[in-house]
Protein chains: 2
Amino acid sequence: MSLRKLTFVTGNKNKLREMQKLLSGIVDLDNRSVDLEEIQGTTQEVAIAKCRQAAAIINGPVITEDVGLGFNAMKGLPGPYIKWFLKELKPEGLYKMLAGFEDKSGFAVCTIAYCEGPGHEPVLLEGINHGTIVEPRGPDSFGWDPVFMPNGFDKTYAELPSEIKNTCSHRFLAVEKLKVFLSELQ
Amino acid sequence: MSLRKLTFVTGNKNKLREMQKLLSGIVDLDNRSVDLEEIQGTTQEVAIAKCRQAAAIINGPVITEDVGLGFNAMKGLPGPYIKWFLKELKPEGLYKMLAGFEDKSGFAVCTIAYCEGPGHEPVLLEGINHGTIVEPRGPDSFGWDPVFMPNGFDKTYAELPSEIKNTCSHRFLAVEKLKVFLSELQ
């Protein structure tokens, strides 16, 4: 099949612009902001259900994107529920959740889901970045970035210059996989 | 309206038997075990979405039941997500999550949702029991019972004799509200 047009279902204009830039030359990306229900389950189950729902509403090929932050001491939780914990506890509280656990390692995961249309099974493109959960450092400007220090760096996501973060992040890794996947669809 | 028959959507036979006993003389309770998706959201949003789904599948009046355990230091989280944390962390790990927080208070909540049928708005009957999250004590036989010590007692749910637990629990409080609600429907 040849895919010319793809809808990114997101309400986030920055994510849209960035994704359009990354996928230019591969596919025309337009956008719809639709309220999608998120289910409880594993990161993968959450992403699949959401993308399936988006494809049914848009009635055509779509991508959706989910991010999570897992703590290894909690076997990957909060993971897909991280946004609720961030909202209530702020970055400080996320770090405090691990006070009773020796293992401070964790991972950031970005799951991009692609679905061809209603009735089709979504395909997942996952980017995972391993690191450590640390006391918040750097500007408190974006989500849980201040508490996540990726392996190989002595700075948190919040402290890293964006041109460095953007080439090592969970999101970058997922987008790289998406580019390969979409190229092979053409 | 006069309600003679009501379906309790649960896969748990013990819960069914107990509920049948509690509601005998008020309503005939039958049972269906249906896989219901649980959404992410507040305790109330989760219960409403689940009950609405159940009423659509059963095509008639239904009740569903949800329980949660919230930590006040985490503004009520894990709350509706407690089962995922219990599964991965066991009672020991739930207690450890609060190691970094001074406030060890929490609350157990049981949300029974009633929906008349497809297209009707679910009604929530909530029972909340406040208490403290403690190091696990008592038999590890039921869920997070070993870490929850209700206010006014020096024993955890797991340590309390069932005849005492059953007359003070979050579930008892919700069922009492349900009984009043159903009686007034007759």
Side-chain angles (χ1 to χ4, degrees), chain A residues 35-54 56 64 66-104 106-107 111 133-136 144 147, chain B residues 35-54 56 64 66-104 106-107 111 133-136 144 147:
Chain A
D35 266 332
L36 298 174
E37 241 172 30
E38 285 194 298
I39 66 161
Q40 297 187 32
T42 63
T43 304
Q44 291 81 11
E45 288 164 348
V46 173
I48 287 172
K50 189 166 143 181
C51 190
R52 196 178 273 147
Q53 209 188 126
T64 54
D66 283 286
V67 293
L69 180 67
F71 302 162
N72 288 321
M74 298 190 182
K75 310 239 178 94
L77 291 168
Y81 311 116
I82 191 68
K83 70 172 177 188
W84 306 99
F85 285 82
L86 175 68
K87 185 178 162 224
E88 300 299 358
L89 299 179
K90 313 295 168 213
E92 289 71 23
L94 294 181
Y95 174 68
K96 270 195 188 175
M97 282 175 73
L98 282 174
F101 299 89
E102 256 181 62
D103 182 357
K104 310 288 187 195
F107 56 92
T111 312
I133 311 301
V134 298
E135 251 189 293
W144 38 261
V147 298
Chain B
D35 265 334
L36 298 174
E37 242 173 27
E38 285 194 297
I39 66 161
Q40 295 187 32
T42 63
T43 304
Q44 291 81 10
E45 287 164 349
V46 173
I48 286 171
K50 190 166 143 183
C51 190
R52 197 179 272 148
Q53 212 187 122
T64 55
D66 282 286
V67 292
L69 180 67
F71 303 162
N72 288 320
M74 298 190 182
K75 309 237 178 98
L77 290 168
Y81 310 116
I82 191 71
K83 70 171 179 191
W84 305 99
F85 286 82
L86 175 67
K87 183 178 163 224
E88 301 299 356
L89 299 180
K90 313 296 168 213
E92 289 70 25
L94 294 181
Y95 174 69
K96 269 195 187 173
M97 283 175 74
L98 282 175
F101 299 89
E102 257 181 62
D103 183 357
K104 310 288 187 194
F107 57 92
T111 312
I133 311 302
V134 298
E135 251 189 293
W144 38 261
V147 298

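Looking at heavy atoms from C-beta onward, E38(B) lies in side-chain contact with K50(B) at the 4.5 angstrom threshold. Using a 4.5 Å heavy-atom cutoff, the side chains of W144(A) and P136(A) are not in contact. Looking at heavy atoms from C-beta onward, L86(B) lies out of side-chain contact with L69(B) at the 4.5 angstrom threshold. Side-chain atoms of M74(A) and L89(B), non-hydrogen and from C-beta on, do get closer than 4.5 Å to each other.
Residues N72(B) and G106(B) share a closest heavy-atom pair of ND2-N, 3.7 Å.
Proximity to chain B is limited to the side chain of E37(A), based on heavy atoms less than 4.5 angstrom apart. With a 4.5 angstrom heavy-atom cutoff, K87(A) does not touch chain B via any of its atoms.
Note: P80(A) leads G76(A), P80(A), A49(A) in heavy-atom pairs under 4.5 Å with chain B. Of the listed residues (A99(A), P78(A), G100(A), A73(A)), the greatest number of heavy-atom pairs within a distance under 4.5 Å of chain B belongs to G100(A).
A donor-acceptor distance shorter than 3.5 angstrom exists from the side chain of Q40(B) to the backbone of I39(A), with no hydrogens or angles considered.
Below 4.5 Å, heavy atoms of chain B meet heavy atoms from G93(A), K96(A), M97(A), all part of residues 91-98 of chain A.
In this structure, Q53(A) has no side chain to side chain donor-acceptor pair (under 3.5 Å) partners at least two apart in sequence or on a different chain.
The aromatic rings of W84(A) and Y81(B) sit tilted, their planes meeting at an angle between 30° and 60°.
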